[in-house]
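Notes follow once the structure below has been shown.
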Amino acid sequence: MMRLQAAQAHVQQEQREIERDLALVRGELSKHLGKAHVETATAHSANPSFSRGLKADGVEAPARHAEPMEEKFADRTMRSSSSAHRRGVPETTGAILAQERKNRQSAPSNLANEDRVVPAGGGKSVLDVGPGTQLAVIGRRAEDIMPRLAENGVGPHPRETAGGQAAGALGDHGVFHFGPVTLILGGFVDTASVLENRHIASGTFNYWQDMPYPNQPRYHTNNFDGSARYSRLSLLARGNIDPETTISGFFESDFGSGAVTTDPYESNSYAFRLRQAYLAFDDNRDQLHLLAGQAWSMLTPGRIGIVARQESLPETIEASMLAGQTWSRQLQVRVVKDFFDHRLWAGISVENPATLYDTTGFSNNNGAVSMPNGGIATIGENGVGLTNDTANFSNEIAPDVIGKLAYDPTWGHYEVEGIMHFPHDRVTINHSGHNNTAVGGGGGGSIIFPVVPGKVEVRLAGLAGWGINRYGSVLLPDATLNAAGAPVPLFGVQAQAGVIAHPNKRIDVYGYFGTQRVGHSYFNNNGASYGYGNPGYSNAGCLQELSSLSCTANTRVVSEITLGAWWRFFKGRFGTVEGGTQLAYSRREIWSGVGGDPHTSMAQVFFDFRYLPFQ
């Protein structure tokens, strides 16, 4: 019996080693297939100089000779072909590795700096993918486990692109090991500016609903504004539990918040603010992925499955990204499961709700809205304590519930999604009251076509529904109130289309069109007009400078077309420096009222210089 137990333990140990080796083979194949020759982290066994080890991050590895592992991989892979088939590894791995050995014999012995890794201590091989090793981080391009398996022609974000930076891409230069935990630094120094033909005091973050009409003098003045407020810091702490499982925490901040003391005259003291902070658990073996914390909403379009830091975000310089872009960063708890060797993904997320009300025509005092029947509809309260005392925080009865399916065939990335939202308030009249809850929601999706993989891609995305407009960059209202004071979700639609090209590794070119639209809901009482988009509102004074007539101007549509490019003119051991420019034209249209529905527009030129020390 003891001999049987010992044999069983030996088989289990062999199985663990096979699984580890298969994980490495899969990563190595995805990294090296299609190259003319293979550059490897192991030196040629005949090269005696390798006994001193390789250097990475200025650390010299301990002296030892590492035996080539391809023969062991090939032998084990042939002996476990059925297991390899189940786990998505080609059965021809042995033949591929044999060809790689032939290629290696003719490959130069000096390795590219970017492929050098520190051999792990304790006598382990340089190709080990055990917990906390350097290859486990750099070999996976400093991202989570899942993106390295993408075979959809779209692939992970090119980390140096502005879209990858917006999503939270990390680099290889700032990697540190503290026991079993690896810390990876990210971020950049950013200096962005904008020249526009209207004065909107929002810097490079567009607030389109403030786009002025000719009745305001700032419509007739140009404006230049710039700052370094969107410089960013990020940190990923990750433990590789085994080659298929990780636990990680991600933190990201910038200085985009305006403090009470912020002014453009002297110190420009923009406040440090939270962008993302979340815990993630990824189990590749059981194909289960959990995330809890503040992150990009699961409604945000993605590039690979449903994976954090792989959101499909525009390459724009403007911090608000694009009119029609679907996004939010907020508290959430999401559970994701993938199927069919990471081809099909299904996720559900509960996220922090926030109903954006419009109370045009009503008297609104700190979230207490006076109704024409004498009642008071309480939709929220201005912030107290440590929250913003100038912003109204809406009453909410339940979180937003979001579901998504993502599909990654061999060509393209495809998503469908849905959301449910529950606007909630209380109406009080004659010293008694009742609560009201409405049901809103909608659906949408996104597509990425890799027209020329790695060179040209087309992106399409959209979302439509009731009470979900805050998930668009324009921040159109989610709801208004009816005559009884109950919430009325407003219909909305947002969409975008873009073409992104990478002529070479140093240049990115992009063009986008985006639009966001909102419906209307209104009523009249005793000759007074209420609600959103009421035709009884006056727009008669919109076109005359400093007119005494009203310009209510409830926004109906905001559209934007933009073109831009980035050039990475320095890239080396000390990071990357890039410059970008962008042209944008936006148009705002309003609901028709007394005096018609005149439109307004704005043209902008953005400039940016960015230093990325970790990429």
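Numbers here simply count residues along the sequence, with the first being 1.
For residues 312-326, every residue pair satisfying the salt bridge (charged side-chain N to carboxylate O under 4.0 Å, His left out) rule, not counting sequence neighbours, is listed here: Glu315-Arg459. Applying the salt bridge (charged side-chain N to carboxylate O under 4.0 Å, His left out) test to residues at least two apart or on different chains, the pairs with a partner in residues 209-226 are Asp210-Arg218. Sorted pairs that involve residues 476-487 and meet side chain to side chain donor-acceptor pair (under 3.5 Å), not counting sequence neighbours, are lacking altogether. Pairs of residues two or more places apart, or lying in two chains, that qualify as salt bridge (charged side-chain N to carboxylate O under 4.0 Å, His left out) and include a residue from residues 599-609 are Asp608-Arg610.
The salt bridge (charged side-chain N to carboxylate O under 4.0 Å, His left out) check on Asp400 picks up Arg470, with sequence neighbours excluded. For His424, the side chain to side chain donor-acceptor pair (under 3.5 Å) test picks out Thr437, with sequence neighbours left out. The side chain to side chain contact (heavy atoms under 4.5 Å, CB included) check on Pro217 picks up Glu545, Leu546, with sequence neighbours excluded. Remark: Ser234 pairs with no residue by the side chain to side chain donor-acceptor pair (under 3.5 Å) rule, at least two apart or across chains. Qualifying side chain to side chain donor-acceptor pair (under 3.5 Å) partners for Asn388, counting only residues two or more places apart in sequence or in other chains: Thr390. Among residues two or more places apart in sequence or in another chain, the side chain to side chain contact (heavy atoms under 4.5 Å, CB included) test is passed with Arg275 by Arg232, Glu252, Asp254, Arg273, Trp296, Arg329. With sequence neighbours excluded, the residues forming a side chain to side chain contact (heavy atoms under 4.5 Å, CB included) with Ala565 are Val509, listed by chain and number. Glu196 is linked by a side chain to side chain donor-acceptor pair (under 3.5 Å) to Asn223, Gln604, counting only residues two or more places apart in sequence or in another chain.
Considering all non-hydrogen atoms of both residues, Asn197 and Asn222 come closest at CA-OD1, 3.3 Å. Residues Tyr537 and Tyr530 come closest through the heavy atom pair OH-C, 3.1 Å.
Side chains of Thr326 and Gln494: a donor-acceptor N/O pair is present below 3.5 angstrom, by distance only.
Residue Trp466 qualifies as open at atom CH2: its count of foreign heavy atoms under 6.0 Å is 12 or below.
Once rounded to the nearest 0.5 Å, the distance linking NE2 of His199 with CE of Met602 reads 11.5 Å.
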Evaluation steps, side-chain hydrogen bond (donor to acceptor under 3.5 Å, both in side chains), between Gln330 and Glu351: CA-CA 7 Å; Gln330 58 195 15; Glu351 305 193 5; 2.7 Å; yes
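Between Tyr510 and Tyr512, the ring-plane angle classifies as tilted under the 30° and 60° cut-offs.
Under the side-chain contact (heavy atoms from CB on, under 4.5 Å) rule, Ser320 has a single partner from Tyr207, Trp327, Trp208, which is Trp208.
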